[in-house]
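The chains referred to below are lettered A, B, ... by the order of the sequence lines, with proteins before strands, and numbering in each begins at 1.
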Amino acid sequence: MNILHLLRDHFRQALLALNIADPDKFLDLVKPATDPRFGDYQANLAMPLGKLLGRPPREVAADIVAKLDLDEVAEAPEVAGPGFINLRLRSDWLANQLLAILPDERLGVAKVGNPQTIVIDYSSPNVAKPMHVGHLRSTIIGDALARTLRFLGHCVITDNHLGDWGTQFGMLIYGYKHYRDDEALKRDPVREMLRLYVLVRQKIKEAGGASEDEEEEAANPIAEACRRETAKLHAGDPENLELWRRMMPWCLAELERIYRRLDIHFDYTLGESFYHPMLAEVVQDLLQRGIATYSDDAVVVFLGDQQPPAIIRKRDGAFTYMTTDLATIRYRIEKFHPQAILYVVDFRQSLHFQQLFTIARRWGYRDVRLEHISFGSVLGADRKPIKTREGGAIELEALLDEAVRRARAIVDANSPDLPEAQRAEIAEAVGIGAVKYADLAQNRTSDYVFNWDKMLAMDGNTATYMQYAYARIRSIFRKGEISPEEIQRVRESPQLPTPEERNLALWLLRLPEAVENAANEYKPNYITSYLWELANAYNAVYQNYPILRAPDETLRRSRLVLCDLTARAIGLGLSLLGIRTVEQM
RNA sequence: GCCCCCGUAGCUCAGCAGGACAGAGCGGCGGUUUCCUAAACCGCAGGUCGCAGGUUCGAAUCCUGCCGGGGGUACCA
């Protein structure tokens, strides 16, 4: 049950009773209070309505209040200042709502009334080279959105659109032909692939001098040789094709290892190579329909004077990723019939997606929502984007290892009595969680200054803080020898005698708002903000009042209800972000 | 040149379909441990919300201009 929706429904009725023509456009002005002094929720709609009706806002507010039927839910509304309507929810109502969600696995978060089929395209790394921090955002944000939308009842299809057909394969093929170590290949093909990739890059760098300038690279003999191998692959050269087929599973295994560690799974992994056979036909079709035209021997789509044209076939006959993306849209629509396709890709590609979507609509795909869920760059300490080609990019795995190592050090210090295997498991959950949370807690659209310490911090608004709060609650149940299930069967509404407990109750009931907001705007940081508020509200109770040793049995049970709900809300929130909880830390 | 994004406390960032004195984390300073995990809690210090106009009863939030930073911009993805 979403409190905000409930209140808005009541306000809609009140406005209708006052003959307001279009009440819905004012309902956004019902929102959580900006300050606890003003109650729990506030409605700011009397001011614009006053203007509309040519009446003093305070009078309008009074009229609305008179028509409001909120007696069961809230205390008497107060009109304040220029016409704010302040609402304070009744504590007994809060308590009853808590009781209602106590046995509910979803903790009151409803499924959407109109489930949609949503394809989410995220992660999409280039295979054949190690994933680095630059891949983190798309992977983690995409995964969190997929989990959240799925939880809300949508039919989510995740698709990892791998870069498995590009120049990096030319490099690998070149490396394979010139530098491979057959022994190593037999022993550990994945590692040998990595070695070859790194080696070839090294050779290119040496051949091109100190600079990695594009033009110099063009004249670089080794880079040129790699490009030739790529071209041969695309042209169907049997030897290179065979090498590609051999190497792909190795590359995929390497990726899969990291995805498993991150607990990320895709419904489909259809890379660029999958669409390669369709590209010529796509270009033909676009030409036939008059959407594309020839220009300077290339095939392009003109998009008006403000934008450069989009090239779908280069002068040399090669296709571009625009062509691939168009083929992908057509395939996804024909296969999945989605209402939306979301691309979780960094903001620098916004022009590309703008063009892509424009062409797709001209092509006839108008009934599907195409959205670029963009996010900011990962910046270095110098505030410059960490570039893929730069040697300085931090490999994802090294980041994860370091995070887990730090977590392990704390676990060892804090819980030396736990068995080794359990400590290792906790460190993994805490370390990976820290990395994910640090990214998700950030506004998606902002740039991101990469910093080891910040990313791996375990205090403040971090996954560790949430996991710790969770673990401590579970510890209370263990110590009290009470099973959560037993508490979940409680039939009486919890007591909320103190401000801290009441505040915690309110936050527990606001989970649906947080999840729905996050989904509506595709912003996981709404969930992290919520969790932070919730955990703080809980800590205020935990710090100030005994739970197992509460003054009487009723209060004890009541507090245990709050504890159980808090733990589950944290667990649920973290699970939507792809972060695990642990029973002990 | 044109287009997009950003500029909030020492640092990193929330807040931005306008709302009542601008928030957090970290860092700094000072406290809390016979008590359910101190990976915690409490307090203090710290900001002309880049600048200037405009719209509005009300602007960090919307509009315009300027300054500063980043990104993109026909054959790389």
Visitor: Is A:Glu481 atom CD crowded by more than 12 heavy atoms from other residues, nucleotides or ligands, each under 6.0 Å away?
Guide: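 Counting other residues, nucleotides and ligands, CD of A:Glu481 stays at 12 neighbours or fewer.
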Visitor: Check the phosphate of B:rA38 against A:Arg472, side-chain N and O only, distance under 4.0 Å to OP1 or OP2. Yes or no?
Guide: yes
Visitor: Take atom P in B:rC63 and the same atom in B:rG18, then report the distance between them in whole Å.
Guide: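 B:rC63 and B:rG18 have their P atoms separated by 12 Å.
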Visitor: Record whether the side chain of A:Ser295 comes under 3.5 Å of the base of B:rA74 through a donor-acceptor pair of N or O atoms.
Guide: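 Yes, a donor-acceptor pair under 3.5 Å.
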Visitor: Does OP1 or OP2 of B:rA24 have a side-chain N or O of A:Asn461 closer than 4.0 Å?
Guide: no
Visitor: Could you work out which one of B:rU12, B:rA40, B:rC75 sits closest to the side chain of A:Tyr465?
Guide: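 Among B:rU12, B:rA40, B:rC75, the one nearest the side chain of A:Tyr465 is B:rA40.
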Visitor: Any strand counts, and the cut-off is 3.5 Å on both contacts for Watson-Crick or G-U wobble. Which nucleotide pairs with B:rU61?
Guide: none
Visitor: Would you mind telling me which of B:rA17, B:rA77, B:rA39 lies closest to the side-chain atoms of A:Asp28?
Guide: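 Looking only at heavy atoms from C-beta outward on A:Asp28, the closest nucleotide is B:rA17.
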Visitor: Quote, to the nearest angstrom, the C1' distance that separates B:rC21 from B:rU12.
Guide: 25 Å
Visitor: Could you tell me whether A:Gln349 contacts a base, only the sugar-phosphate backbone, or nothing, with contacts defined as non-hydrogen atoms closer than 4.0 Å?
Guide: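 A:Gln349: base contact, heavy atoms under 4.0 Å.
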Visitor: Does OP1 or OP2 of B:rC13 have a side-chain N or O of A:Gln442 closer than 4.0 Å?
Guide: yes
Visitor: So if I take every side-chain heavy atom of A:Val449 and compare against B:rU12, B:rA17, B:rA14, which nucleotide ends up nearest?
Guide: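 For the A:Val449 side chain, the nearest candidate turns out to be B:rU12.
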Visitor: Between A:Asn2 and A:Glu516, does any side-chain donor sit less than 3.5 Å from a side-chain acceptor?
Guide: yes
Visitor: What distance, rounded to whole Å, do you find between the two C1' atoms, one in B:rU33 and one in B:rC41?
Guide: 11 Å
Visitor: Nearest to the side chain of A:Trp532, heavy atoms from C-beta on, is which of B:rU73, B:rA24, B:rG72?
Guide: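 Looking only at side-chain atoms, A:Trp532 lies closest to B:rA24.
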Visitor: Would you tell me if any nitrogen or oxygen in the side chain of A:Asn539 comes within less than 4.0 Å of OP1 or OP2 on B:rA40?
Guide: no
Visitor: Does the side-chain ring of A:Tyr542 lie flat on the base of B:rC36, meaning centres under 5.5 Å and planes less than 30 degrees apart?
Guide: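 Here A:Tyr542 meets both the 5.5 Å and the 30° conditions.
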Visitor: In whole Å, measure the gap between the C1' atoms of B:rC76 and B:rC67 for me.
Guide: 34 Å
Visitor: Determine which nucleotide pairs with B:rG68, using a 3.5 Å limit on both distances of a Watson-Crick or G-U wobble pair.
Guide: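 Check on B:rG68: paired to B:rC6, both distances under 3.5 Å.
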Visitor: Please assess A:Thr462 against A:Asp459 for the test side chain to side chain donor-acceptor pair (under 3.5 Å), listing each intermediate value before the final yes or no.
Guide: CA-CA 6 Å; A:Thr462 62; A:Asp459 46 16; over 6 Å; no
Visitor: Side-chain donor or acceptor of A:Tyr468 under 3.5 Å from a matching atom on the base of B:rA39?
Guide: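 Between B:rA39 and A:Tyr468, which were checked side chain against base, a qualifying N/O pair under 3.5 Å is absent.
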Visitor: Using only side-chain N and O atoms of A:Lys523, determine if any of them is under 4.0 Å from OP1 or OP2 of B:rA14.
Guide: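 It does not, given that no N or O in the side chain of A:Lys523 lies less than 4.0 Å from OP1 or OP2 of B:rA14.
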Visitor: Which nucleotide in the set B:rU56, B:rC13, B:rA77 lies at the smallest distance from any side-chain heavy atom of A:Lys51?
Guide: B:rU56
Visitor: Kindly confirm whether the side-chain ring of A:Phe38 is stacked on the base of B:rA20, judged by centres under 5.5 Å and planes under 30°.
Guide: yes
Visitor: Can you tell me the base-pairing partner of B:rA45? Count Watson-Crick or G-U wobble geometry only, both distances below 3.5 Å, and say none if there is no partner.
Guide: none
Visitor: Would you indicate what A:Ser350 reaches in the nucleic acid, counting non-hydrogen atoms under 4.0 angstrom: base, sugar-phosphate, or nothing?
Guide: nothing
Visitor: What I want to check is whether the side chains of A:Tyr465 and A:Asn536 have a donor and an acceptor closer together than 3.5 Å.
Guide: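 Checked: A:Tyr465/A:Asn536 side chains pair up, N/O donor to acceptor below 3.5 Å.
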Visitor: Partner lookup for B:rA17, please. Criteria are Watson-Crick or G-U wobble with both distances under 3.5 angstrom; report none if nothing qualifies.
Guide: none
Visitor: What is the separation between atom CG on A:Asn126 and atom C1' on B:rC76, rounded to the nearest whole Å?
Guide: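 Rounding to the nearest Å, CG of A:Asn126 and C1' of B:rC76 are 11 Å apart.
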Visitor: What integer number of Å spans the C1' atoms of B:rC6 and B:rG15?
Guide: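 That atom pair is separated by 15 Å.
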Visitor: Any luck finding a side-chain donor-acceptor pair between A:Glu501 and A:Thr498 under 3.5 Å?
Guide: yes
Visitor: Any donor-acceptor pair under 3.5 Å between the side chain of A:Asn86 and the base of B:rA20?
Guide: yes
Visitor: Identify which nucleotide among B:rC16, B:rA77, B:rA39 has an atom closest to any side-chain atom of A:Val430, counting heavy atoms from C-beta outward.
Guide: B:rA39
Visitor: Between B:rC13 and A:Ser446, is there an OP1 or OP2 to side-chain N/O distance shorter than 4.0 Å?
Guide: no
Visitor: With a 3.5 Å limit on both atom pairs, tell me what B:rA40 is paired to, counting Watson-Crick and G-U wobble, or say none.
Guide: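 When the pairing criteria are applied, B:rU32 turns out to be the nucleotide that pairs with B:rA40.
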Visitor: Out of B:rU37, B:rA39, B:rU73, which has the shortest distance to the side chain of A:Ser475?
Guide: B:rU37
Visitor: What's the closest nucleotide to the side chain of A:Tyr321 if the choices are B:rA40, B:rA77, B:rG71?
Guide: B:rA77
Visitor: Suppose you measure atom P in B:rU61 against the same atom in B:rU56; what distance do you get, rounded to whole Å?
Guide: 16 Å
Visitor: From the set B:rG19, B:rC75, B:rC36, return the single nucleotide nearest to any side-chain atom of A:Asn44.
Guide: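 From the listed options, B:rG19 comes nearest.
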Visitor: Locate the shortest heavy-atom distance separating A:Arg315 from A:Asp296; write the atom from each residue and the value.
Guide: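 Nearest pair, atom of A:Arg315 first, then A:Asp296: CD-O, 3.4 Å.
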Visitor: Counting only heavy atoms not in A:Glu371, do more than 12 sit closer than 6.0 Å to its CD atom?
Guide: yes
Visitor: Does a donor on one side chain sit under 3.5 Å from an acceptor on the other, for A:Asn539 and A:Arg472?
Guide: yes
Visitor: Counting the atoms with a prime plus P, OP1 and OP2 as sugar-phosphate, which does A:Phe319 contact under 4.0 Å by heavy atoms, base, sugar-phosphate, or nothing?
Guide: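 If one applies the 4.0 Å heavy-atom cut-off, A:Phe319 turns out to touch the sugar-phosphate alone, with no base involved.
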Visitor: Within the modelled atom types, does a donor on one side and an acceptor on the other bring the side chain of A:Gln467 and the base of B:rA39 under 3.5 Å apart?
Guide: no
Visitor: Considering only atom P, compute the distance from B:rA45 to B:rA22 and round it to an integer number of Å.
Guide: 15 Å
Visitor: Contact class for A:Asn525 (heavy atom, under 4.0 Å): base, sugar-phosphate, or nothing?
Guide: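 Result for A:Asn525 = sugar-phosphate.
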Visitor: Starting at atom CG of A:Leu29, determine the distance to atom C1' of B:rA20, rounded to an integer number of angstrom.
Guide: 14 Å
Visitor: Distance alone, cut at 3.5 Å: any donor-acceptor contact between the side chains of A:Tyr545 and A:Glu500?
Guide: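 There is such a pair between these side chains.
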Visitor: Quick one: which of B:rC21, B:rU37, B:rC35 gets closest to the side chain of A:Arg549?
Guide: B:rC35
Visitor: How far, in whole Å, is B:rA14 from B:rA77 if one measures between their P atoms?
Guide: 32 Å
Visitor: Is B:rA17 in the syn range, within 90° of 0, or in the anti range?
Guide: syn
Visitor: So, OP1 or OP2 of B:rC41: does either fall under 4.0 Å of a side-chain N or O from A:Asn536?
Guide: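 Indeed, a polar side-chain atom of A:Asn536 lies that close.
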Visitor: Round to the nearest Å and state the distance from A:Tyr526 atom OH to B:rC16 atom C1'.
Guide: 9 Å
